[in-house]
Number of protein chains: 2
Amino acid sequence: MDKENTYYGVKEIARRANVSIATVDRVLHNRSGVSEKTKRKINDIIKELDYQPNILASRLASKKIISLAVLIPRVSEETDFWEAPMKGITRADSEIKKYGVQVTTFYFDLNDPATFNEQASAILDGHFKGVLLAPSFIEESRKFVRACREKKVPFVFIDSDVPDEDNLCYIGPHLFQSGYVGAKLSTYRLKEKHKVAVVNISKETDSYNYLQIEEGFRSYFKDHNLPIEIIRIDIKDTDSLSVTRDLTRALHQHDDIEAIFVTNSRVFSVAAFLEKSKRTDISLIGYDYLKENIAYLNKELIDFLICHKPEEQGYRGLMALYQTLVLGAPVEKTHFMPIDIVTKENQAFYQN
Amino acid sequence: MDKENTYYGVKEIARRANVSIATVDRVLHNRSGVSEKTKRKINDIIKELDYQPNILASRLASKKIISLAVLIPRVSEETDFWEAPMKGITRADSEIKKYGVQVTTFYFDLNDPATFNEQASAILDGHFKGVLLAPSFIEESRKFVRACREKKVPFVFIDSDVPDEDNLCYIGPHLFQSGYVGAKLSTYRLKEKHKVAVVNISKETDSYNYLQIEEGFRSYFKDHNLPIEIIRIDIKDTDSLSVTRDLTRALHQHDDIEAIFVTNSRVFSVAAFLEKSKRTDISLIGYDYLKENIAYLNKELIDFLICHKPEEQGYRGLMALYQTLVLGAPVEKTHFMPIDIVTKENQAFYQN
DNA sequence: TATATTTACGGGTACGTACCCGAAATCAAA
DNA sequence: TTTGATTTCGGGTACGTACCCGTAAATATA
């Protein structure tokens, strides 16, 4: 019932090389103060024994902290969506800080890519060992993570993915499938007119994020041979005035729209518009368990909300970094979150 | 750059309770030798401080080994599929044995549920801390894992899932989707006759496993409105004579079958039959990167093989147990493996 | 050659927990 | 009261690695 003793550690290496443990340690961390000759001898023994350090002991003895950076949008008046991932991040932080992990969070403004760049370069300056980020701005994120890669700093994406970057992992929704689900829900109250709108309220109109969702959305109708016209509405300014203006125009142009699918959490602003303009006949589907959204869900202005467990995204994102950097354990490259459907009826029980 | 000291460990508990570390330790592991009074005092402080043990230090100091059991099919002459998961299991074992994990593997005969039961009860007798199993026989597995749950022994499924059991996680294919992919590949050479066969060569004809795959298979044709007749062929005996007999009869009855989809790795026996009976006109799709299957793939008797990274299943299955039991880190409940498509052209480069 | 400086290395302690061993305190039996 | 058994507890070491500090040896400078 006891551990076997076939494991060779620094002690055995030191014994074989006729040196002290301290010298072996110097070689292992290539610190100075070892002659070339003994260094070579020790390295040979390390290779011969295929020495694998005991990470548990290593972390325990180390006084160094592993500092991680988090780069996510600031909670703004417009949306408090990022409160949830932040909660998960905080929970993970409190769990792993006793193992020498320190988390610093940097916030950017979703309406201003420049703030993303500022914070990103701040992260690059403060030498962090790992980065968790929401790649809300694709090109800016690409630039940033390439710099990370050059510094050999692993990075994790949450909320949305950036394809073909060498990220440690992605934790978030399968965007295409999420759009697909959104489409199915959009047909829920469809009668005869057969027009649905897909609304993108965002500064970044052609983000990979959005394109994936829209593609999934359209695929549903194609796969099911539904002869439905899909109206795409882009709203570049996120304030409620712009939303009202653009939606008024669009609904004027297409007065027979039966359902609106909003591709992100700003569905509440569409709901507000529908409420004011008394268009409760239009079915509304959108994203995320925000207070405003839930309010409109309860008022039956929103029919369905799709949620991707944002708290868990934050939690698992940090834990993924912890697992590689501290525990040395492998991590799945992709963690797709559930695509949860929240309605007026089940919302009270939802675990965000 | 140094660890902060806000962490309260056993030392602090001991100090506050005016006892020694050893006594605190006794309470933590509810060993005997502590009076009720001090036990209560210590427990109060533990609760007050919300003490979380340092798992790294705990594992390092502990002389106890954590023994895990693995229950998978024996590599038989019929199929060497389980060599791959075994390789992954061995790899994981060699990585984690230095942290006090010991793995014992139990093998059962895929043709004999009784051997499963024997091995299962052997596992229940030898008190293991975690179990990794391939639930090839559903009902037998159900019985087994319920016994595990009662003993509070976590268990992990690989290769196929058993729904609604309280498993730590499942690591394997999305069976429905895998059948769906199989269906798509079955249409690859389809001409006009529009008949495909789905062949299940297994003792366990109605396994959850198989039903899921078949459901996915059928869904593809339904989703794409393909007016294709699907012939279901059950072959209960896995020897080549039975396969030949049953297939001969089936092909006689349906002489216009254009494609055959075999729902498991025994596709080579169908390939052998097609070769003998010179029916190279029939498209053949099946599972798993076995030597025999690859040979028939190269002979162009098999068109496609679908693979689910069996080696990784074994590896990740064990690592999942390691992560919960040793590292105390959370584990995703479901790890869907890739549904890889292997052809004659790409097989040489496939990473099983 | 004497002294200062640098290089190379070993001793030893710490990390937080587990657990062995011995000893004091309490209790039971005589 | 004495002896023995039992309960209750503390000291101290070990796990494998990191790293501080001191020192002998090698080298440089006078």
Side-chain angles (χ1 to χ4, degrees), chain A residues 1-43 46 49 51-66 96-101 326-328, chain B residues 1-43 46 49 51-66 96-101 326-328:
Chain A
M1 208 47 177
D2 276 9
K3 279 185 196 171
E4 37 189 338
N5 274 337
T6 53
Y7 175 69
Y8 296 129
V10 279
K11 206 177 336 187
E12 176 66 14
I13 298 172
R15 199 187 58 79
R16 296 198 184 197
N18 281 320
V19 294
S20 73
I21 291 176
T23 301
V24 174
D25 190 66
R26 273 185 273 266
V27 173
L28 282 171
H29 299 85
N30 54 291
R31 260 180 274 123
S32 62
V34 186
S35 71
E36 275 304 318
K37 202 180 60 180
T38 53
K39 185 190 276 190
R40 221 171 315 115
K41 181 161 59 165
I42 290 172
N43 271 323
I46 287 172
L49 258 48
Y51 168 72
Q52 303 288 113
N54 185 320
I55 304 169
L56 273 53
S58 172
R59 278 312 300 163
L60 181 62
S62 175
K63 299 188 111 48
K64 287 226 189 69
I65 64 147
I66 288 183
I96 60 184
K97 83 166 152 239
K98 67 166 168 287
Y99 302 118
V101 179
V326 178
L327 304 180
Chain B
M1 207 47 176
D2 275 9
K3 280 185 195 173
E4 36 189 338
N5 274 336
T6 55
Y7 175 70
Y8 297 129
V10 280
K11 207 178 336 190
E12 175 66 14
I13 297 172
R15 199 187 58 78
R16 294 198 186 198
N18 282 317
V19 295
S20 73
I21 290 176
T23 301
V24 174
D25 190 67
R26 273 185 273 264
V27 173
L28 282 170
H29 299 86
N30 53 290
R31 262 180 272 123
S32 62
V34 185
S35 71
E36 274 305 317
K37 202 179 60 179
T38 53
K39 184 189 275 188
R40 221 172 313 116
K41 182 162 56 165
I42 290 172
N43 272 323
I46 287 173
L49 258 50
Y51 167 71
Q52 303 288 113
N54 185 319
I55 304 168
L56 274 54
S58 172
R59 279 312 300 164
L60 181 62
S62 176
K63 299 188 110 52
K64 286 227 190 70
I65 63 148
I66 288 182
I96 61 184
K97 81 165 154 241
K98 67 166 167 288
Y99 302 119
V101 179
V326 178
L327 305 179

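Every chain is numbered from 1 and lettered A, B, ... according to where its sequence line falls, protein lines coming before strand lines. No hydrogens, no waters, no symmetry mates; every other heavy atom, side chains included, goes into these values.
Within the 4.0 Å cut-off from OP1 or OP2 of D:dG16, not a single side-chain nitrogen or oxygen of A:Tyr51 is found. Neither OP1 nor OP2 of D:dA18 sits under 4.0 Å from any side-chain N or O of A:Ser62. Taking only side-chain nitrogens and oxygens, A:Thr38 comes nearer than 4.0 Å to OP1 or OP2 of C:dC9. Look at B:Ser35 and you'll find a side-chain N or O under 4.0 angstrom from OP1 or OP2 of D:dC9. Phosphate proximity of C:dG16 to A:Lys98: absent, as no side-chain N or O sits under 4.0 Å from OP1 or OP2. For B:Lys64, a side-chain nitrogen or oxygen approaches OP1 or OP2 of C:dC19 to under 4.0 Å.
With the nearest nucleotide of DNA chain D identified for both B:Val34 and A:Ala57, B:Val34 has the one nearer the 5' end.
The listed nucleotides are D:dC15, C:dA18, D:dG10; the one nearest the side chain of B:Arg31 is C:dA18. Of the candidates C:dA18, C:dC9, D:dG10, D:dG10 carries the atom nearest the B:Thr23 side chain, counting heavy atoms from C-beta on. Nearest to the side chain of A:Ser20, among D:dT17, D:dG10, C:dG11, sits C:dG11. Checking C:dC15, D:dT17, D:dT8 against every side-chain atom of B:Lys11, the shortest atom distance belongs to C:dC15. Closest to the side chain of A:Ala22, from the set D:dT17, C:dG16, C:dG10, is C:dG10.
Taking all atoms of both residues into account, the shortest heavy-atom contact from A:Ser35 to A:Thr38 is OG-OG1, 2.9 Å.
Side chain of A:Tyr99 to backbone of B:Ile55: a donor-acceptor contact under 3.5 angstrom is found. B:Lys39 contributes no side-chain N or O that, together with a main-chain N or O of B:Val34, makes up a donor-acceptor pair within less than 3.5 Å. Counting only distance, with no hydrogens or angles, the side chain of A:Tyr7 and the backbone of A:Gln52 share a donor-acceptor pair below 3.5 Å.
In this structure, A:His29 places its NE2 atom 8 Å from C1' of D:dT17, rounding to the nearest Å. Taking atom CD1 on A:Ile21 and atom C1' on C:dT13, their separation rounds to 12 Å, with Å as the unit. If you take CG of A:Leu56 and P of D:dA18, they are 12 Å apart, rounded to a whole angstrom. For the pair B:Gln52 CD and C:dT17 P, the computed distance is 11 Å after rounding to whole Å. The separation between A:Tyr7 atom OH and D:dG16 atom C1' is 7 Å, rounded to whole Å. Rounded to whole Å, atom C1' of D:dA26 lies 13 Å from atom NZ of A:Lys37. If you measure from atom CD of B:Glu36 to atom P of D:dT7, you get 13 Å, rounded to the nearest angstrom. Summarising the geometry, the separation between CG on A:Leu60 and C1' on C:dA18 is reported as 13 Å, rounded to the nearest angstrom.
Distance check, rounded to the nearest 0.5 Å: CD1 of B:Ile21 to CG of B:Leu28 gives 11.0 Å. Here the CG-CZ distance, from B:Leu60 to A:Arg59, works out to 13.5 Å after rounding to the nearest 0.5 Å.
Within 4.0 Å (heavy atoms only), A:Gly9 reaches sugar-phosphate atoms of the nucleic acid but no base atom. Residue A:Asp25 is in base contact, counting any heavy-atom pair closer than 4.0 Å across all strands shown.
Residue-to-nucleotide contacts include a donor-acceptor pair under 3.5 Å from the side chain of B:Arg26 to the base of D:dG10.
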